[in-house]
Amino acid sequence: MDYRTYLKKTPDENGYYGPYGGSYIPNELIPGFKEISDAYQSIAHSAQFISELRRIRREYQGRPTPVYHCERLSRKLGLAQIYLKREDLNFTGAHKLNHCMGEGLLAKYMGKKKLIAETGAGQHGVALATAAAYFGLECEIHMGETDIAKQAPNVARMKILGAKIVCVTHGRKALKEAVDSAFESYLNSYKDSIYCIGSALGPHPFPLMVRDFQMVIGEEARSQFLEMTGNLPDHVVAAVGGGSNSIGMFLPFIDDPVEIHGVEPLGRGPADGDHAASMKYGKEGILHGFKSILLQDENGDPLPVYSVASGLDYPSVGPEHAYLRSLGRVSYDCISDEEAIDAFYKLSRYEGIIPALESSHAVAYAMKLAKEIRTGSILVNLSGRGDKDVDYVIENYGYGEDHLFAE
Ligand SMILES: *Cc1c(COP(=O)(O)O)cnc(C)c1O
């Protein structure tokens, strides 16, 4: 199936990617989500919307982001060549602004006054608060009390940008409760507001919308790589949390003779609660309004998850990833905390690029693959920069002198 046909047919009109996806929401939420879906299908495909989004990406976000050849790191590993798509250079330091600006623009065209969302580590909250400030919209971010305490710098950023933080104090006081709280607030105000999800997941049309807004990554990277080297890469790699940066990177290569690899966090190991490797250890289930692969207990409740990279610790994965794996088109593998930390230091020391811990998982996988394949090329999506992780890393792992290659 070629790329255009795939995009036209996937998802189907009910938001299904094979058996995955769909929309499992309370009846009261149906009108709101239907309104967003209808608006997206019409407005977001108008020439005016597309050209305004292009201008925002160029003038405000700093796109296109470059593709960079890691010559020094590659030489240390063998003959295979590693390249990075530099989403860390996207404004606000990660790929998340790609879909937040799209969602904000849609809200503006729909005449909405407020953006509502949840956030875990605060990265999505900061990106959405940025979009709200840009478009002159109100912004309401729901966040668990535990996360608010852990993520002080991001909470401060959101407040400076003008967002209102709703502190969620029930249950485990974390991401899952924050989602419930954001849904409830949206339910009570959907005439004036729009809900904005943080990854390529949730009920239809969110996996589709976020994917479409993130595909700018892979579209740029594919033509930049062709121009730079005269060929397509042999391998494409990205880290998978909910699956937005990865789906955006992967799809433009779907019809090419390119091996595609998604990388999930193995955390401290394979025991329940020590990782967030949904594809490896999960099975079919429903969470947050969509069907996908889910880490669950015997009652179908989501298991607790962990990763050193807080942007990757989600117990499920966007439905299109589950589908692409079932087609055999994308393979999924894991990287441990330890391997990710090693890649964090090595990319810093040998290329002068401090990566986000999430992105370090993709870099670690590429380094392993480079040793294995010995020749060929690997294009990695470097989803974000590591400034946010520096304090945590030095406190727990030091400055990395013991992570140098042997001379
Ligand atoms: C949030 C985040 C991720 C994980 O989210 P996806 O939706 O899987 O892309 C990865 N990298 C960075 C830098 C992030 O901020």
Side-chain angles (χ1 to χ4, degrees), residues 65 84-100 102-103 117-130 147 151 153-154 157 175 196-202 206-218 237-251 261-265 276-279 288 290 292-293 305 307-322 324 330 332 334-335 340 343-344 347 353-365 380-390 392-393:
T65 58
L84 304 177
K85 173 63 172 166
R86 297 287 311 272
E87 286 303 293
D88 60 316
L89 297 178
N90 195 27
F91 181 48
T92 72
H95 69 285
K96 287 198 172 70
L97 202 63
N98 295 334
H99 69 255
C100 287
E103 288 172 334
E118 73 290 331
T119 193
Q123 297 299 108
H124 174 54
V126 170
L128 197 66
T130 303
D147 290 330
Q151 309 291 343
N154 277 342
R157 267 178 216 125
L175 183 62
C196 296
I197 211 142
S199 187
L201 43 76
F206 285 97
L208 169 66
M209 265 168 54
V210 172
R211 160 191 105 179
D212 289 354
F213 290 138
Q214 289 294 348
M215 264 174 5
V216 65
I217 301 175
V237 178
V240 181
S244 66
N245 87 84
S246 47
I247 203 74
M249 180 68 164
F250 293 168
L251 283 189
H261 312 264
V263 185
E264 292 196 310
S278 330
M279 288 290 212
H288 296 151
F290 67 104
S292 186
I293 302 296
V305 281
S307 164
V308 70
S310 51
L312 299 182
D313 60 357
Y314 187 69
S316 183
V317 64
E320 194 160 14
H321 286 286
L324 288 169
V330 178
Y332 294 83
C334 302
I335 283 293
F344 174 93
L347 195 68
I353 299 170
I354 303 179
L357 285 175
E358 291 81 7
S359 324
S360 301
H361 285 72
V363 175
Y365 186 81
V380 181
N381 190 29
L382 197 74
S383 53
R385 66 175 183 223
D387 306 41
K388 67 183 177 60
D389 299 314
V390 164
Y392 178 85
V393 170

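Start at 1 and go down the list; that is how both ligands and their atoms are numbered.
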Please work out which of the three classes, parallel, tilted or perpendicular, describes the rings of Phe290 and Tyr314, given edges at 30° and 60°. parallel
Measure and list all N/O to N/O distances between ligand 1 and the protein that fall under 3.5 angstrom.
residue, atom, partner, partner atom, Å
ligand 1, 7 (O), Ser199, OG, 2.5
ligand 1, 7 (O), Gly243, N, 3.3
ligand 1, 7 (O), Ser244, N, 2.9
ligand 1, 7 (O), Ser244, OG, 2.7
ligand 1, 8 (O), Gly241, N, 2.7
ligand 1, 8 (O), Gly242, N, 3.1
ligand 1, 8 (O), Gly243, N, 2.7
ligand 1, 9 (O), His95, NE2, 3.0
ligand 1, 9 (O), Ser244, N, 3.4
ligand 1, 9 (O), Ser244, OG, 3.1
ligand 1, 9 (O), Asn245, N, 2.9
ligand 1, 9 (O), Asn245, ND2, 2.8
ligand 1, 11 (N), Ser383, OG, 2.7
ligand 1, 15 (O), Lys96, NZ, 2.6

Look only at the side chain of Ser307 and the backbone of Asp313, and say whether a donor-acceptor pair between them is shorter than 3.5 Å. no
I'd like to know if the side chain of Asn381 and the backbone of Met249 have a donor-acceptor N/O pair within less than 3.5 Å. no
Atom of Arg385, atom of Asp88 and distance for their closest heavy-atom approach: N-CB, 3.4 Å
Sub-3.5 Å donor-acceptor pair from the side chain of Ser199 to the main-chain atoms of Gly243, do we have one? yes
For the pair Glu320 (side chain) and Pro207 (backbone), establish whether a donor and an acceptor sit closer than 3.5 Å, ignoring hydrogens and angles. no
